[in-house]
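So that the names make sense, note that chain A is the first sequence line, chain B the second, and so on, each numbered from 1. Being a predicted model, the structure only gives us computed values, none of them experimental.
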Amino acid sequence: MIYDFSQIEPKWQKFWQEKGIFRAKMDYTRKKFYCLEMFPYPSGRIHMGHVRNYTIGDVVARYKRICGFNVLHPMGFDAFGQPAENAAIKNNSDPKDWTYKCMDWMKVELKRMGFSYDWERELATCDPEYYRFNQWIFLKMMERGLAYKKASSVNWCPSCETTLANEEVIYGGCWRCHTPVLQKDLEQWYLKITQYQDALLEDLAQLKHWSDRVIAMQYNWIGRSSGVEIYFRLENSDTIIPVFTTRADTIFGATYIVLAPEHKIIEKIKDKILNIKEVSGYIENAKKKTRLERIEKDKSGIELKGIKSVNPVNNEIIPVFIADYVLMEYGTGAIMAVPTHDQRDFIFAKEHNLPMRIVIQPGLDDESILSVDSMTEAHEGIGYLVNSGQFDGSRNYPAKEKIAQWMEKKSIGKITTNWRLKDWLISRQRYWGTPIPVIYCLKCGVVGVPYEDLPVKLPEKIKITGEGGSPLSKVEEFTNVKCPKCKGHARRETDTMATFIDSSWYFLRFCSPRFSEAPFDKNEAAYWMPVDQYIGGIEHAILHLLYSRFYTKFLKDLGLASVDEPFNKLLTQGMVLKDGEVMSKSKGNIVDPDGIIKKYGADTLRLFILFAAPPETELEWNDTAIDGSFKFLMRVWRLLEKADDKAPSLELLRRLHSTIKKVTEDMEGGFKFNTAISSIMELVNEIYKADAANKDVLKALVILLSPFVPHIAEEMWHSLGEKESVTCASWPEFNPEFLKLDKAALVIQINGKVRDKIEVEVDIGKELLKDLVLSREIVKKWLEGKPIKNFVVVPNKLVNIVI
RNA sequence: GGGCAAGUGGUGGAAUGGCAUACACGAAGGACUUAAAAUCCUUUGGCUGUAAGGUCGUGAGGGUUCGACUCCCUCCUUGCCCACCA
């Protein structure tokens with residue numbers, strides 16, 4: 001009887017599907033468990049990253065199911081996006097055809113892995129029945145002022161010919177193609193995620209089962225900082241320039257102010273700027289620079305000649321500069337410069353030969369006194385205030401609050417909170433996405449498409465060239481519409497939504513994927529949500545999770561969702577590496593899962609991936625080590641030949657029950673699959689050693705194995721005489737009676753070093769133990785009459801004699 | 001510059017205050033075989049020793065403790081995230 005996985009695996013996959021074992025139904029009498037893995041983008045074939053992600057998820061789902069939970073474990077496709085469009089341009093084909101072909105391929109591969117999905121809940125975000133609710137939610141946001149159109153300077157990728165959200169700009173480049181991003185003035189749709197900034201930040205505290213790493217990433221991204229907006233007036237004018245600072249304690253040291261080149265005030269005061277030509281030149285130049293260039297360059301800048309400002313705390317007349325190191329998108333787009341206590345200002349002041357004044361002395365004794373002439377860098381640390389009027393002598397950090405309050409009282413400043421998080425730009429000049437459901441009418445203005453007209457369907461079979469902006473703008477029958485209000489001539493919006501929208505609520509849709517009246521059925525979602533265990537890559541730690549949290553909060557406010565946070569536990573799995581590097585086509589180090597399945601079967605692949613490393617850490621692919629996983633399964637398989645009804649030895653039962661205990665603890669305490677599997681391997685070794693494979697012991701072994709390697713487990717389960725699926729069995733409980741021992745192997749240490757071992761009765765008294773230990777020959781030799789300073793006993797574990 | 005991880009045999013990794021290297025992979029030797037594969041058995045951190053044993057050893061240095069891979073402090077290295085964020 002050989003282990004023929006190629007016959008076994010399809011057989012049970014078919015069996016599970018025909019019996020509908022993984023179909024999920026709402027049942028208030030049972031405890032639910034919603035297990036979700038981040039759904040894939042249909043790029044063609046599944047890769048090892050997918051296999052790892054979905055194997056981890058499948059083990060969780062199968063384990064919870066066998067523990068008696070009512071498990072929801074769905075799968076679908078994040079089907080809109082640019083690769084499909086690019087493929088269409090390249091092959092002169094249709095994005096829809098390409099996408100559906102890819103999904104079909106991937107589905108075959110996912111099924112071949114034996115994942116326990118409820119395929120009846122499958123969804124694809126490019127399906128009009130799905131994206132109509134992207135539009136539905138968008139209209140609800142529009143009604144509440146959360147979706148709005150705004151003209152502004154936006155991130156523009158010249159290669160993709162589309163706008164990008166701040167979140168999609170990675171180190172000055174496009175997140176997709178890494179092309180340096182430019183700034184462009186455009187009218188675009190935004191979602192007001194900032195409406196939820198407080199909740200998004202505060203509710204992070206609820207997410208006790210998320211890693212510190214992800215929490216920190218979200219926290220930093222939202223980026224709340226409290227400080228003061230200080231009003232600097234221009235000399236001989238009523239014009240006020242507000243400036244944001246977190247360092248109000250340094251205000252008396254502000255010796256000039258600096259504006260971002262894009263600052264609106266410049267246009268208003270340009271007649272008074274004496275060197276306007278040079279200033280305009282500088283601004284033009286700054287606009288042309290990519291963000292990367294602005295960051296890398298030294299601190300360039302130019303003074304606005306003829307313009308002076310007034311420091312409101314001491315009425316000092318100070319110069320005004322523009323410089324591209326000041327960012328328009330953060331704070332007020334203007335800063336007060338304190339060169340003595342801010343390193344960037346220090347460099348700038350040195351370069352432009354600007355005045356400095358020390359307002360914080362690190363210590364008041366002679367050696368630590370700073371002087372402007374001898375300073376080589378800014379003093380950003382703590383100290384005592386000087387040159388600061390009535391605040392002289394206070395410690396600078398406690399003075400911060402006092403100064404802020406004083407400024408507020410004098411109406412020269414306002415205590416404010418500044419956020420790094422900006423509203424979400426969602427307009428994309430692309431075809432393969434959700435059309436934004438808006439119509440522009442000359443008479444009525446911006447009009448939302450009426451709900452009964454949804455979905456606004458993407459026109460099919462259109463020509464996509466990849467040139468000249470939005471493909472939809474060239475489709476006359478799409479753009480040319482009647483105004484829903486006045487029935488007059490109107491034009492349809494031709495931009496599509498960012499694809500992160502699609503994945504921001506799919507977990508809710510999975511609760512009732514065929515529901516047609518709303519994005520999802522309230523009651524179903526109330527039962528299944530939140531997702532109990534979410535599993536995916538760390539690359540989605542910021543954007544996808546933040547947007548999903550935002551959508552969930554909005555949908556709760558709409559009265560649809562029942563939870564504040566969508567994902568209770570989050571597991572971010574590590575990447576799969578080959579030769580220390582991430583697998584990628586360009587590096588040519590791809591291992592194709594399909595080839596592995598053909599050679600070893602899905603169970604071996606699953607086992608190797610789970611055994612080789614804990615789920616969160618990186619996994620180094622090893623072509624020879626996978627052989628070991630295969631051999632282990634064959635070794636398990638051969639146990640069938642040994643199956644008998646002889647009573648198992650007490651020793652074997654002990655091992656069985658300690659394995660049950662260990663595996664259960666590993667599953668409950670953070671999914672330590674690698675150590676769970678290694679303890680099962682020890683059990684198998686023990687059965688071989690005992691050379692007696694009692695059927696009940698084997699059945700327990702098979703159940704323990706079933707979440708990891710479901711096909712071989714199912715086959716063995718039936719071979720052992722069972723008729724139902726092993727997935728319907730119940731998880732074994734360990735019997736503590738078997739774990740009790742009457743003898744304990746004690747380690748004898750002398751001065752903390754192991755010198756001897758002794759077997760004694762469990763819970764032996766200290767005095768009796770001491771006599772026993774001291775009578776040992778080895779112990780006597782080491783002691784050699786030296787006095788014992790201390791005799792430490794750790795019950796049933798060790799003794800340590802200190803001499 | 002800020003934040004979060006991590007650093008253990010030839011390799012993946014185990015041990016979260018109590019026998020460092022479980023479980024595997026690889027390697028070496030042996031059994032079975034005409035042979036190979038498969039399977040089974042033995043060995044496998046360094047140094048030292050015929051052996052018993054001794055001794056060193058978890059990135060480096062200090063500390064706490066009867067006892068530290070584990071806790072604390074300082075530093076080094078690597079990975080990831082953010083970053084002229086005022």
Side-chain angles (χ1 to χ4, degrees), chain A residues 2 170-172 211-221 223-225 227-228 243-247 250 254 257-258 260 291 294-299 323-327 329-338 341-345 347-348 380 418-420 538-539 541-542 572 574-575 577 580 607-608 611-614 616-629 631-632 634-635 638 672 674-682 684-685 688 745-757 778 788-803:
Chain A
I2 57 154
I170 313 293
Y171 209 76
S211 66
D212 291 348
R213 186 180 179 197
V214 176
I215 295 287
M217 282 160 81
Q218 293 258 321
Y219 188 90
N220 292 338
W221 191 265
R224 179 171 66 187
S225 57
V228 187
V243 148
F244 177 76
T245 183
T246 55
R247 291 296 303 274
T250 64
I257 63 172
V258 191
R291 191 161 167 160
R294 274 175 76 154
I295 289 165
E296 277 178 350
K297 276 265 175 137
D298 289 338
K299 303 208 169 4
D324 61 13
Y325 79 90
V326 175
L327 308 172
E329 64 265 26
Y330 189 79
T332 60
I335 61 154
M336 64 176 203
V338 186
H341 305 293
D342 182 290
Q343 187 57 23
R344 293 157 301 179
D345 298 341
I347 293 169
F348 191 83
E380 292 181 331
N418 196 57
W419 301 77
R420 215 195 76 108
I538 188 78
E539 67 272 20
I542 299 176
T572 47
M575 286 187 285
L577 309 181
L607 184 70
F608 171 73
F611 178 61
E616 298 89 344
T617 58
E618 289 176 337
L619 182 144
E620 176 70 34
W621 183 264
N622 185 325
D623 281 322
T624 51
I626 193 164
D627 225 47
S629 295
K631 282 178 189 169
F632 171 72
M634 289 207 290
R635 205 165 138 79
R638 285 198 307 272
K672 293 177 223 155
N674 55 332
T675 50
I677 290 167
S678 70
S679 70
I680 296 175
M681 286 174 170
E682 285 175 289
V684 170
N685 290 344
Y688 267 95
L746 246 70
V747 168
I748 301 174
Q749 293 185 336
I750 293 164
N751 282 346
K753 292 211 167 127
V754 180
R755 296 300 179 189
D756 199 4
K757 280 169 197 182
I778 299 173
I788 295 172
K789 279 195 205 155
N790 199 355
F791 193 87
V792 183
V793 177
V794 182
N796 301 327
K797 265 192 181 157
L798 62 65
V799 296
N800 188 15
I801 307 167
V802 187
I803 54 173

* Apply the test side chain to side chain contact (heavy atoms under 4.5 Å, CB included) to residues A:Asp345 and A:Tyr325: give CA-CA distance (whole Å), side-chain angles for both, the deciding distance (0.1 Å), then the verdict. => CA-CA 10 Å; A:Asp345 298 341; A:Tyr325 79 90; 3.1 Å; yes
* Structure fact -> Out of B:rA86, B:rC23, B:rC84, minimum distance to the side chain of A:Asp324 belongs to B:rC84
* Which nucleotides of nucleotides 13-20 of chain B have their base under 4.0 Å from a protein heavy atom (B), which only their sugar-phosphate (S), and which neither (-), written as one string 5' to 3'? -> SS---BB-
* Check the pair A:Met217 / A:Ile542 against side chain to side chain contact (heavy atoms under 4.5 Å, CB included), numbers first and verdict last. => CA-CA 6 Å; A:Met217 282 160 81; A:Ile542 299 176; 4.0 Å; yes
* Asked: Backbone N or O of A:Ala216 within a donor-acceptor pair of the A:Asn220 side chain at under 3.5 Å?
  -> yes
* Asked: Hey, is the main chain of A:Gln749 close enough, under 3.5 Å, to the side chain of A:Arg755 for a donor-acceptor pair?
  -> no
* Structure fact -> Taken in chain and number order and not counting sequence neighbours, the residues that satisfy side-chain contact (heavy atoms from CB on, under 4.5 Å) with A:Ile347 are A:Lys299, A:Gln343, A:Glu351
* Reading 5' to 3' through nucleotides 37-47 of chain B, protein heavy-atom contacts under 4.0 Å coded B for base, S for sugar-phosphate only, - for none -> --SS-------
* Please state whether the rings of A:Tyr330 and A:Phe244 are parallel, tilted or perpendicular, taking 30° and 60° as the class boundaries. => perpendicular
* Identify whether any heavy atom of A:Val326 sits under 4.0 Å from a base atom; if not, whether one sits that close to sugar-phosphate; answer base, sugar-phosphate or nothing. => base
* Asked: Between B:rC72 and B:rG18, how far is it from one P atom to the other, in whole Å?
  -> 15 Å
* Structure fact -> To the nearest angstrom, the CD1-P distance between A:Ile215 and B:rG3 comes to 18 Å
* Structure fact -> Of B:rC66, B:rC23, B:rC25, the nucleotide closest to the side chain of A:Ala625 is B:rC25
* A:Ile803 vs A:Ile750 side-chain heavy atoms within contact, under 4.5 Å -> yes
* Within the structure, does a side-chain N or O atom of A:Arg344 lie under 4.0 Å from either OP1 or OP2 of B:rC85? -> yes
* Between B:rA31 and B:rG49 - P atom distance, rounded Å -> 30 Å
* Taking the P atom of each, how far is B:rU21 from B:rG9, in whole Å? -> 14 Å
* Asked: Is B:rG9 in the syn or the anti form, by the rule that syn lies within 90° of 0?
  -> syn
* Between the side chains of A:Asp212 and A:Tyr219, does any donor sit under 3.5 Å from an acceptor? -> no
* Asked: Want to know the stems of RNA chain B: at least 3 consecutive Watson-Crick or G-U pairs with distances under 3.5 Å, which are they?
  -> B:1-7 with B:76-82, B:10-12 with B:23-25, B:26-31 with B:39-44, B:45-48 with B:53-56, B:59-63 with B:71-75
* Asked: Can you check side chain to side chain contact (heavy atoms under 4.5 Å, CB included) on A:Ile626 and A:Trp621, steps first, answer last?
  -> CA-CA 9 Å; A:Ile626 193 164; A:Trp621 183 264; 3.8 Å; yes
* **Spacing between A:His341 atom NE2 and B:rG1 atom P, to the nearest angstrom** => 21 Å
* Which nucleotide in the list B:rU55, B:rC4, B:rA22 gets nearest to the side chain of A:Ser678? -> B:rA22
* Atom C1', compared across B:rA14 and B:rG63: separation rounded to whole Å -> 28 Å
* Pick the C1' atom in B:rA24 and in B:rU74, then give their distance to the nearest Å. => 38 Å
* Asked: Once you round it to whole Å, what is the distance between C1' of B:rG3 and OH of A:Tyr219?
  -> 12 Å
* Asked: Looking for any heavy atom pair under 4.0 Å, which part of the strands does A:Gly331 touch: base, sugar-phosphate only, or nothing?
  -> nothing
* Does a nitrogen or oxygen in the side chain of A:Lys299 sit under 4.0 Å from OP1 or OP2 of B:rA86? -> no
* Between A:Lys753 and A:Val214, which has a closest nucleotide on RNA chain B that is more 5'? -> A:Val214
* Nearest-nucleotide wise, let me know which of A:Ile801 and A:Ser225 is further upstream toward the 5' end of RNA chain B. => A:Ile801
* Residues that A:Val792 engages under side-chain contact (heavy atoms from CB on, under 4.5 Å), provided they are two or more places apart -> A:Asn790, A:Asn800
* Asked: Taking only side-chain nitrogens and oxygens of A:Arg247, does any of them come within less than 4.0 Å of OP1 or OP2 of B:rC85?
  -> no
List the atom pairs, donor and acceptor, that lie under 3.5 Å between side-chain atoms in residues 674-681 of chain A and the rest of the protein, sequence neighbours left out.
residue, atom, partner, partner atom, Å
A:Thr675, OG1, A:Asp666, OD2, 2.8
A:Thr675, OG1, A:Lys672, O, 3.2
A:Ser678, OG, A:Thr675, O, 2.9
A:Ser679, OG, A:Ala676, O, 2.9

* **Distance in Å, A:Met575 CE paired with A:Glu620 CD, rounded so as to fall on 0.5 Å steps** => 12.0 Å
* Asked: For A:Tyr688, is the NZ or CZ atom of A:Arg635 found under 6.0 angstrom from the centre of its six-membered ring and inside 45 degrees of the ring axis?
  -> yes
* **N/O (side chain, A:Asn685) to phosphate O (OP1/OP2, B:rA24) under 4.0 Å** => yes
* Structure fact -> Between CD of A:Glu380 and C1' of B:rC85 the distance, given in whole Å, is 13 Å
* Pairwise P distance for B:rC75 and B:rC69, with rounding to whole Å -> 22 Å
* For B:rU16 and B:rU11, measure between their C1' atoms and round to the nearest Å. => 24 Å
* Asked: Contact class for A:Arg755 (heavy atom, under 4.0 Å): base, sugar-phosphate, or nothing?
  -> sugar-phosphate
* Asked: With rounding to whole Å, what would you report as the distance between B:rG12 and B:rG26 at their P atoms?
  -> 15 Å
